Student: 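Shown below is the structure under consideration.
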Amino acid sequence: MDSAILFILSSLLTLSLPTQVEPAKVNPKISVIGIVYCDICSNNTFSRHSYFLPGVEVRLDCTFKAISPRTAEQIAFSVNRTTDKYGVYRLEIPSVDGIECARDKAIQSSCRASLMWSSSSSCNVPGHRTTSDEIAVKSRQANLCIYSLNALNYRPSRRDITLCEN
């Protein structure tokens, strides 16, 4: 093929390409977090004698629905997480195409946490075992969503009346 014809064809091809490149849509990173504490007074509240429990095994069951005009896909999974030294468990979910943060009160996704076992022999009777109530927060960072689950707790096998009297 003649070099002049090749030059003309490549020029026409270049002119037919869009001049602006659209920015790629950034899918949100999703964090699921919660805490586990020892409820010393066995009243399902965090009192001044309560403390956070490290090393507790928590099971997370999550379902995320993709929002797309072409599909109604759903991603469901279960994972175990262990609380850190502050009693916090966390699950970082990589961005998934079509998954968006909750909008208003219509939550398209959900996670539930369940206690598996306690790391403390002195605080190992389950109190609040499972939670499905969550608060979905869209961070000021445009690509971060946080699902904050209600607190879970264990209790001692015997209640210390001297600590828990009013």
Side-chain angles (χ1 to χ4, degrees), residues 25-68 71-166:
K25 183 179 177 186
V26 177
N27 293 317
K29 295 176 188 168
I30 301 169
S31 291
V32 179
I33 59 171
I35 60 168
V36 181
Y37 67 96
C38 181
D39 179 13
I40 294 293
C41 295
S42 301
N43 57 5
N44 289 324
T45 59
F46 193 87
S47 69
R48 63 185 172 127
H49 302 291
S50 298
Y51 56 92
F52 296 106
L53 284 170
V56 172
E57 189 81 13
V58 177
R59 179 179 183 89
L60 291 167
D61 298 300
C62 296
T63 303
F64 291 95
K65 295 180 181 177
I67 300 168
S68 171
T71 184
E73 294 177 352
Q74 181 171 302
I75 300 166
F77 58 88
S78 297
V79 295
N80 288 2
R81 289 294 181 258
T82 304
T83 58
D84 64 13
K85 65 182 179 180
Y86 304 109
V88 175
Y89 59 88
R90 176 183 301 265
L91 172 64
E92 300 293 335
I93 302 168
S95 63
V96 177
D97 194 29
I99 302 294
E100 294 183 14
C101 289
R103 292 184 191 157
D104 303 323
K105 296 185 188 264
I107 295 177
Q108 296 284 324
S109 304
S110 66
C111 284
R112 183 181 76 213
S114 305
L115 293 174
M116 299 300 288
W117 56 267
S118 175
S119 59
S120 170
S121 60
S122 62
C123 192
N124 58 6
V125 177
H128 276 207
R129 299 172 193 238
T130 305
T131 181
S132 59
D133 297 332
E134 78 246 358
I135 300 169
V137 178
K138 184 167 178 145
S139 171
R140 288 187 180 177
Q141 293 178 320
N143 62 346
L144 178 63
C145 299
I146 301 170
Y147 286 85
S148 178
L149 301 180
N150 288 342
L152 300 172
N153 64 54
Y154 280 100
R155 303 171 175 172
S157 58
R158 303 181 100 188
R159 185 176 183 213
D160 187 341
I161 297 172
T162 58
L163 288 176
C164 301
E165 287 181 347
N166 289 335

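Computed from a predicted model, the values in this text were never measured in an experiment. This chain uses plain numbering: 1 for the first residue, then up along the sequence.
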Student: Would you compute the distance between atom OH of Tyr86 and atom CD1 of Ile35 and round it to the nearest 0.5 angstrom?
Tutor: 14.0 Å

Student: What distance do Tyr89 atom OH and Ile33 atom CD1 have between them, rounded to the nearest 0.5 Å?
Tutor: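 Output value for this atom pair is 9.0 Å.
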
Student: Taking all non-hydrogen atoms of both residues into account, name the closest pair between Pro156 and Asp39 and its distance.
Tutor: CD-O, 3.5 Å

Student: Closest heavy-atom contact between Asn44 and Arg155?
Tutor: OD1-NH2, 2.8 Å

Student: Could you give the distance from CD (Glu92) to CZ (Arg81), rounded to the nearest 0.5 Å?
Tutor: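 These two atoms lie 9.0 Å from each other.
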
Student: Atom CG of Leu152 and atom OG of Ser118: how far apart are they, to the nearest 0.5 Å?
Tutor: 12.0 Å

Student: From Cys62 SG over to Ile93 CD1, what is the distance, rounded to the nearest 0.5 angstrom?
Tutor: 5.0 Å

Student: Taking all heavy atoms of Ser50 and all of Thr45, pick out the closest pair and write down the distance.
Tutor: OG-O, 3.8 Å

Student: Test your reading of the model: is there a side-chain donor-acceptor pair from Asp61 to the backbone of Ser78, 3.5 Å cut-off?
Tutor: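 Such a contact is absent between Asp61 side chain and Ser78 backbone.
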
Student: Do you know the tightest heavy-atom contact between Arg159 and Ser42?
Tutor: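 Here Arg159 and Ser42 meet closest at CD-CB, 4.5 Å.
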
Student: If you compare all heavy atoms of Tyr51 against all heavy atoms of Ser122, which two are closest, and at what distance to 0.1 Å?
Tutor: OH-OG, 3.9 Å

Student: Identify the two heavy atoms, one from Thr83 and one from Pro54, that lie closest to each other, and give their separation to 0.1 Å.
Tutor: OG1-C, 3.3 Å

Student: For the pair Tyr37 and Phe52, name the ring-plane relationship: parallel under 30°, tilted 30 to 60°, perpendicular over 60°.
Tutor: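 Because their plane-to-plane angle is over 60°, the rings of Tyr37 and Phe52 count as perpendicular.
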
Student: Using only heavy-atom distances, determine whether the side chains of Asn124 and Tyr154 contain a donor-acceptor pair under 3.5 Å.
Tutor: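 The answer is no; no qualifying pair exists.
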
Student: Could you measure the distance from the CG atom of Leu60 to the CE atom of Met116? Nearest 0.5 Å is fine.
Tutor: 10.5 Å

